[in-house]
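This report refers to the structure that appears directly beneath it.
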Amino acid sequence: EIVLTQSPGTLSLSLGERATLSCRASQSLSNRYLAWYQQKLGQAPRVIISGVSSRATGIPDRFSGSGFGTDFTLTISRLEPEDFAVYYCQQYENSPWTFGQGTKVEIK
Amino acid sequence: QLQLRESGPGLVKPSETLSLTCTVSGGSISSSNYYWAWIRQSPGKGLEWIGSIYYTGSTYYTPSLKPRVTISIDLSQNQFSLKLTSVTAADTAVYYCATSGSQHYLYYFDSWGQGPLVTVSS
């Protein structure tokens, strides 16, 4: 099973700052089958990025994904109030599909 | 836009069977375009994919839960269901139903139910 390790666990930032979230896979995702989800308190996760870098419908362009092999990054260029949430990466390269443990982006 | 809604007991006794149903609206569960999935989220283990089913009835389970899990589909009711046997407190979690595309590059989860908390306790 592919293990995804996210860092940092918590990111404390101010409005307008840039957020950089990391996701490292235990095996190479050669097909780039990696997604990012945003989860707010009391809500289900929502996909924001698929295929490493493709934004889901309705996701603003301040969200971007990058990376290859085993190292992937979600970047939020300028934090808006609605961006403070927990973010998870998920691989769908090899079954069983697995998630990272999450990075919480909180207001500093 | 697909909408999914879970239903079932919020409290299950240890050693008993957890049963949940997901009702799909806004689309047909008989469509070849989707896989239908169950995912759970607990404080201890985070998000965990339990398994998926295709409209043909083909099922795919995560190995750690496979001995205890059954996912089934009811095309006539536009529903799919989860059964998890011999539950313990470690199975206490929020259980989501979700959907993904049917081609590999679409295997991420793009629609989710609201996710009820299921507690295992006597």
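Keep in mind that the numbers below use all heavy atoms, side chains included, and drop hydrogens, waters and symmetry copies.
If you measure heavy-atom distances from A:Ala35 to chain B, the contacts under 4.5 Å come from the side chain alone. At a 4.5 Å heavy-atom cutoff, the contact between A:Gln90 and chain B is made by side-chain atoms alone. When heavy atoms are compared at a cutoff of 4.5 Å, A:Thr98 does not approach chain B at all. Within the 4.5 angstrom heavy-atom criterion, only side-chain atoms of A:Gln39, from C-beta onward, approach chain B. Within the 4.5 angstrom heavy-atom criterion, only side-chain atoms of B:Tyr96, from C-beta onward, approach chain A.
Proximity to chain B among residues 61-88 of chain A is limited to A:Tyr88, judged by heavy-atom separations below 4.5 angstrom.
B:Leu11 and B:Leu117 are assigned to two separate hydrophobic clusters, defined by single-linkage of ILVMFWY side chains at heavy-atom distances under 4.5 Å. When hydrophobic clusters are built by joining Ile, Leu, Val, Met, Phe, Trp and Tyr residues whose side-chain heavy atoms come closer than 4.5 Å, directly or via intermediates, A:Ile59 is not grouped with B:Leu2. With hydrophobic clusters built from ILVMFWY side chains whose heavy atoms lie under 4.5 angstrom apart, A:Val3 does not share a cluster with B:Leu47. B:Leu4 and B:Trp49 end up in the same hydrophobic cluster when Ile, Leu, Val, Met, Phe, Trp and Tyr side chains are linked at under 4.5 Å. Cluster membership check: A:Phe99 does not share its hydrophobic cluster with A:Leu11, using side-chain heavy-atom separations under 4.5 Å among Ile, Leu, Val, Met, Phe, Trp and Tyr.
Residues B:Gln114 and A:Gln43 bring no donor and acceptor atom of their side chains to less than 3.5 Å of each other.
The main-chain N or O of A:Trp36 is never found under 3.5 Å from a side-chain atom of B:Tyr108 such that the two would form a donor-acceptor pair. With B:His104 contributing its side chain and A:Tyr92 its backbone, the two residues share a donor-acceptor pair below 3.5 Å.
With rounding to the nearest 0.5 angstrom, the OG atom of A:Ser50 is 7.5 Å from the CG atom of B:Leu106.
A:Trp97 is not listed as a side-chain neighbour of B:Tyr60, based on a closest heavy-atom distance of 4.5 Å or more.
Of the listed residues (B:Tyr107, B:Tyr105, B:Trp112), the greatest number of heavy-atom pairs within a distance under 4.5 Å of chain A belongs to B:Trp112.
Of all non-hydrogen atoms in A:Ala44 and B:Gly113, the two that sit nearest each other are CB-O, 3.4 Å.
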